[in-house]
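This report refers to the structure that appears directly beneath it.
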Protein chains: 2
Amino acid sequence: MTAPTPRHKRATIFDVAAEAGVSRGTVSRVLNGEPYVSAAAREAIEAAIAKVGYVRNTAARNLATQSSGAIALIVHEPDSVFIDDPNIGAILLGANAALSAADYQLVSLLIDDDRDSQRVTGYLGGGFVDGAIIVSAREGDPISQAIADLRLPAVMIGRPDNQSQLPWVGIDNRGAARRITERLVATGRRRVGMIAAGLDRDSGRDRLAGFRDALGASFDDTLVSRQPFYTYAAGVAGMAELLRAAPDIDGVFAASDAVAAGALEALRGAGRRVPADIGVVGFDDSTWALRAQPALSTVRQPAGQLGARAAELVLDQVRSGGRPADGALLATEVVWRDSA
Amino acid sequence: MTAPTPRHKRATIFDVAAEAGVSRGTVSRVLNGEPYVSAAAREAIEAAIAKVGYVRNTAARNLATQSSGAIALIVHEPDSVFIDDPNIGAILLGANAALSAADYQLVSLLIDDDRDSQRVTGYLGGGFVDGAIIVSAREGDPISQAIADLRLPAVMIGRPDNQSQLPWVGIDNRGAARRITERLVATGRRRVGMIAAGLDRDSGRDRLAGFRDALGASFDDTLVSRQPFYTYAAGVAGMAELLRAAPDIDGVFAASDAVAAGALEALRGAGRRVPADIGVVGFDDSTWALRAQPALSTVRQPAGQLGARAAELVLDQVRSGGRPADGALLATEVVWRDSA
DNA sequence: TTGTAAGCGTTATCAT
DNA sequence: ATGATAACGCTTACAA
């Protein structure tokens, strides 16, 4: 057992005031950049602050102001997916940049199991944050419910389920899926299938719907493989399934780039050439797209902007005390490379 | 402008006390699971809590207890690297699991620029967290300095620079690099080079040192390409450089899997077969390793355990008030696949 | 322009 | 076993 390092007693406003020979009120004013402080006082206080090494105690400040300068980013994913998904990283960065510009602190909270879920709920209710951004909520998510109960300003990324009244920002998954499928068909493919994934959330369902939109009457449900997650493994399995169901398949829309990469692997194993024998397209324009051989044609998702926009929307609510009417739908872009 | 939703005034201990007909002190005791409360009082209070919908105000609690049940995980990376690096995700998950088990809340703080750095420093000093885990600190990092000044319990992941006295956990980069290089040489390669990266941090330097250890007298500095980051692009550039400097090269140790994947790409472009003409090995056993064609032989890094171990070490400090003597070195494992 | 003092919601010490 | 009451460190009217 080591001797406990004596934790330095932190300087308070009181110490600063004493050092500068003014009252605590004046110190507070300087700290908050308020007007009506004499230059002399301000200087003395700034010197004192530096001298005693003062840093504000945010807990106390929060208690007094009934607010913290922080916004939560709640990520709710099964571990494996979280590690693989580059969009989450980009969203994080985008949100961080936007909040940082407004001098807010982003704190990301990870939900991995029920226990986490409970703790996070407590955290949110504890005055630690002024608002929240929720990534990839599932239907009937207890967190979304808790946030509604707390009346905490929040926005979701990705369209939430109907019950929830939270504003959201997202992309038009359905339209984008339709557009890229149409483009795939336009390259002359006759038997095009889809490896669908994440059907328990809006993005998954909408991408499938868009695929269906594009095919219209020629849609054939035996040509769609349904997989639980947006993973490489799902792509391998899905493609194998499709190859079995329809050996003459010549086009595939994979629900994400990771899935498409897996499909490529399965195709390679089956000896099919891409794009000569079969065209494949993905979704996300993640790092997978460029890593793949051949590089994937895909839909570019503005993940960074998604995060930034979400951040702005929470901030709006925080500042106005109200809820904005609606979320925003951000534009996507089809990027065409070598896989189709 | 929407009509501001009236933010429900939250119930306090006071309300609960009134409702239950007891004093605030007793309520507090129940909340903290302390002994010496009558069953009757406890029941009345629990009922009251449910009835008025009470949730603890953590800011107030922190102020009173001088502690928060939270630990920060500080990630300090340039954006692009952050998105690409699967180790960070795994570390996050490992730390979260360990903290969660101890009923601590993990909050991750991202540092993207100087402004972030400043804000995070304030956050840490503000009583928001009881301790911190720092990922990938660079030499002369202002955050590490701030943490030392604050005497905040902390541990770094990855060996820090000498000045810092913080405990750390890491892997034996040097030993692992030596082992995998030896193994590469054992496959019969005669001219083996290295694409080094991240030489501004310990991991990068140690991997190079290990490479050198393995080669001993036959080490040839013209066969090492030095790249700034652990990226795919670095691999492409580094391999091209090596091919130019030594056309007869037949083995390469890439400083990370991402770098190795880039090297594979360059090799493909140059018409060299892997592993027939040249063997390549990576480091990390990240998702890159399995995505690559052929799959990479590499060093498995126990990223999740790294996070978990770090979390335990901070918690130790938080609870004891002291600093543990030393950090831990976690074991790595060479995994041999098809690329060499 | 500055000082004073009353909160903010909990915990913790002392009596009782 | 429970009730008062003084911290905790800061903000913010209100006075001066």
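Quick note on labels: first sequence line is chain A, next is B, and so on, each numbered from 1.
Toward the 5' end of DNA chain C, the nearer of the two residues B/Leu63 and A/Val22, judged by each one's closest nucleotide, is A/Val22. Remark on DNA chain D: of its neighbouring residues A/Gly25 and B/Thr26, the 5'-side contact belongs to B/Thr26, judged by nearest-heavy-atom nucleotide.
Counting only heavy atoms from C-beta on, A/Ala60 has its side chain closest to D/dG9 among D/dG9, C/dG9, C/dT1. In the set D/dC8, D/dT5, D/dG3, the nucleotide with an atom closest to the side chain of B/Arg24 is D/dT5.
With B/Ile111 as the fixed residue, the side chain to side chain contact (heavy atoms under 4.5 Å, CB included) test singles out one of B/His76, B/Arg119, B/Gln118: B/His76.
For the pair A/Ser28 and D/dT11, the criterion of a side-chain N or O lying under 4.0 Å from OP1 or OP2 is met. Residue A/Asn32 has a polar side-chain atom (N or O) positioned under 4.0 Å from OP1 or OP2 of D/dT11. At the phosphate of C/dT11, OP1 or OP2 sits under 4.0 Å from a side-chain N or O atom of B/Arg56. Taking only side-chain nitrogens and oxygens, B/Ser23 comes nearer than 4.0 Å to OP1 or OP2 of D/dG3. Between A/Gln66 and C/dG7, a side-chain N or O to OP1/OP2 separation shorter than 4.0 Å is absent. Between A/Tyr36 and D/dT12 there is no side-chain polar atom (N or O) within less than 4.0 angstrom of OP1 or OP2.
Using a 4.0 Å heavy-atom criterion, one finds that B/Val55 contacts the sugar-phosphate atoms exclusively. Across all strands shown, B/Ala59 has no heavy atoms under 4.0 Å from either base or sugar-phosphate atoms.
A donor-acceptor pair under 3.5 Å links the side-chain atoms of B/Gln317 to the main chain of B/Ala154, judged by distance alone. No donor-acceptor pair under 3.5 Å is formed between the side chain of A/Arg61 and the backbone N or O of A/Arg56.
One axis for each end of the helix from C/dT1-D/dA16 to C/dT16-D/dA1, each built from five base pairs, and the angle between them comes to 40° at 10° resolution.
Of the residues in residues 43-51 of chain A, not one comes within less than 4.0 Å of DNA chain C through any heavy atom.
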